[in-house]
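Have a look at the structure below, then the notes.
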Amino acid sequence: MKIFLKTEEEIELMRAANLMVSATLAEIAKAIRPGVTTSQLDKVADEYIRDNGAVPTFKGFPNPCGGETFPASICTSVNDEVVHGLPNDRSLQEGDIVSVDCGILLNGYNGDSCYTFCVGEVSAEVEQLLRTTREALYKGIETALPGRRIGDIGYAVQTYCEAQGFGIVREFVGHGIGKKMHEDPPVPNYGRRGNGPQLKNGYCIAIEPMITMGSPKIYLTDDRWTVKTRDGKPAAHFEHTVAIHQGRVDILSSFEEIDKIVK
């Protein structure tokens with residue numbers, strides 16, 4: 001495992017990239033409504049990213065399962081789709097949820113963040129799933145301090161979600177991030193306290209709980225990208241990129257502008 005520690009200058013470059021991801025997600029938030037297609041959301045994202053001098057890193061990303069490269073600039077995972085959903089021409093319906101994962105490259109550094117949006121009004125059970133997943137993200141972030149370990153982050157996410165009856169997807173995890181979208185170390189959403197690599201100043205990681213309303217069992221669909229829950233129940237996904245520096249954890253991405261639009 002090779003972990004690249006970032007300098008203060010690199011962290012600021014990564015902040016700029018991540019804030020552009022956040023701004024892209026805010027543009028998507030403006031467009032989400034019943035009747036819109038996820039392909040239309042992808043067009044919004046692609047145009048915004050390129051108009052602002054960045055590159056969408058998901059587009060053309062190699063398929064680890066041996067299929068075609070990723071064809072879009074964002075992942076749009078609807079309802080029981082957990083991650084890596086392909087934008088398509090199916091219209092979103094009232095009561096749906098859609099997790100929009102976005103990554104960009106700006107000035108040589110990557111940004112990565114995800115937000116699960118409601119399409120119109122959703123059920124109370126779905127609201128609780130989204131609220132718990134988002135809160136679990138911040139529980140994980142709070143533990144990401146110098147001297148702690150990667151397992152402490154996963155333990156915080158896992159215990160918070162499982163205590164409320166939700167499932168933890170184990171096959172997909174967070175990751176280090178920097179000049180490459182995916183760097184060491186892996187950052188699982190489950191684990192034991194005191195286990196794993198020790199967190200140090202200079203770590204930059206993406207923490208991203210992927211939480212299911214029912215069973216955490218998943219499967220890969222025929223498109224070789226989209227991952228769904230086996231029981232057909234909804235899943236939620238929230239992600240921030242953070243830097244550990246100056247003895248604290250610093251969230252480089254932001255939900256602030258998104259929250260102003262959706263609330």
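Residues F238 and Y138 are members of one and the same hydrophobic cluster, defined by side-chain heavy-atom contacts under 4.5 angstrom among Ile, Leu, Val, Met, Phe, Trp and Tyr.
For CD of Q246, the number of neighbouring non-hydrogen atoms (other residues, nucleotides, ligands) closer than 6.0 Å is greater than 12.
For the residue pair G35 and Q40, the shortest heavy atom distance occurs at O-OE1, 4.4 Å. Shown here for C161 and I168, the closest heavy-atom pair between the two residues is CB-CD1, 3.5 Å. Contact between I11 and K6 at its shortest, heavy atoms only, is CG1-CB, 3.9 Å. When all heavy atoms of A236 and L130 are compared, the closest pair comes out as CB-CD1, 3.9 Å. Nearest heavy-atom pair, V227 versus L220, reported as atom, atom and distance to 0.1 Å: CG2-CD1, 4.1 Å. The nearest pair of heavy atoms linking A144 to I207 is CB-CD1, 4.5 Å.
Annotation: side chain of F58 is not in contact with side chain of P71 (no heavy-atom distance under 4.5 Å). Looking at R170 and Q158, their side chains come closer than 4.5 Å, going by heavy atoms from C-beta outward.
Residues that satisfy the ring-ring contact (aromatic ring centres under 6.0 Å, His included) test with Y160, not counting sequence neighbours, are absent from this structure. For Y203, there are no ring-ring contact (aromatic ring centres under 6.0 Å, His included) partners at least two apart in sequence or on another chain. Partners of F61 by ring-ring contact (aromatic ring centres under 6.0 Å, His included), not counting sequence neighbours, listed by chain and number: H182. For Y109, the ring-ring contact (aromatic ring centres under 6.0 Å, His included) test picks out no residue, with sequence neighbours left out.
Here the CD atom belonging to E10 is positioned 11.5 Å from the CD atom belonging to E12, to the nearest 0.5 angstrom. Note that the CD atom of E135 and the CD atom of Q128 stand 9.5 Å from one another [nearest 0.5 Å]. One distance of note links CD of E208 with NE2 of H175; it measures 4.5 Å at 0.5 Å rounding. Summarising the geometry, atom SG belonging to C204 is positioned 12.0 Å from atom CD1 belonging to I3; distances are rounded to the nearest 0.5 Å.
Applying the side-chain hydrogen bond (donor to acceptor under 3.5 Å, both in side chains) test to residues at least two apart or on different chains, the pairs with a partner in residues 94-106 are N79-D96, S99-T116.
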Donor-acceptor pairs under 3.5 Å, side chain of residues 210-217 to any protein atom, not counting sequence neighbours: which ones?
unit_1	atom_1	unit_2	atom_2	d
T212	OG1	G214	O	3.1
T212	OG1	S215	O	3.2
S215	OG	K217	N	3.1

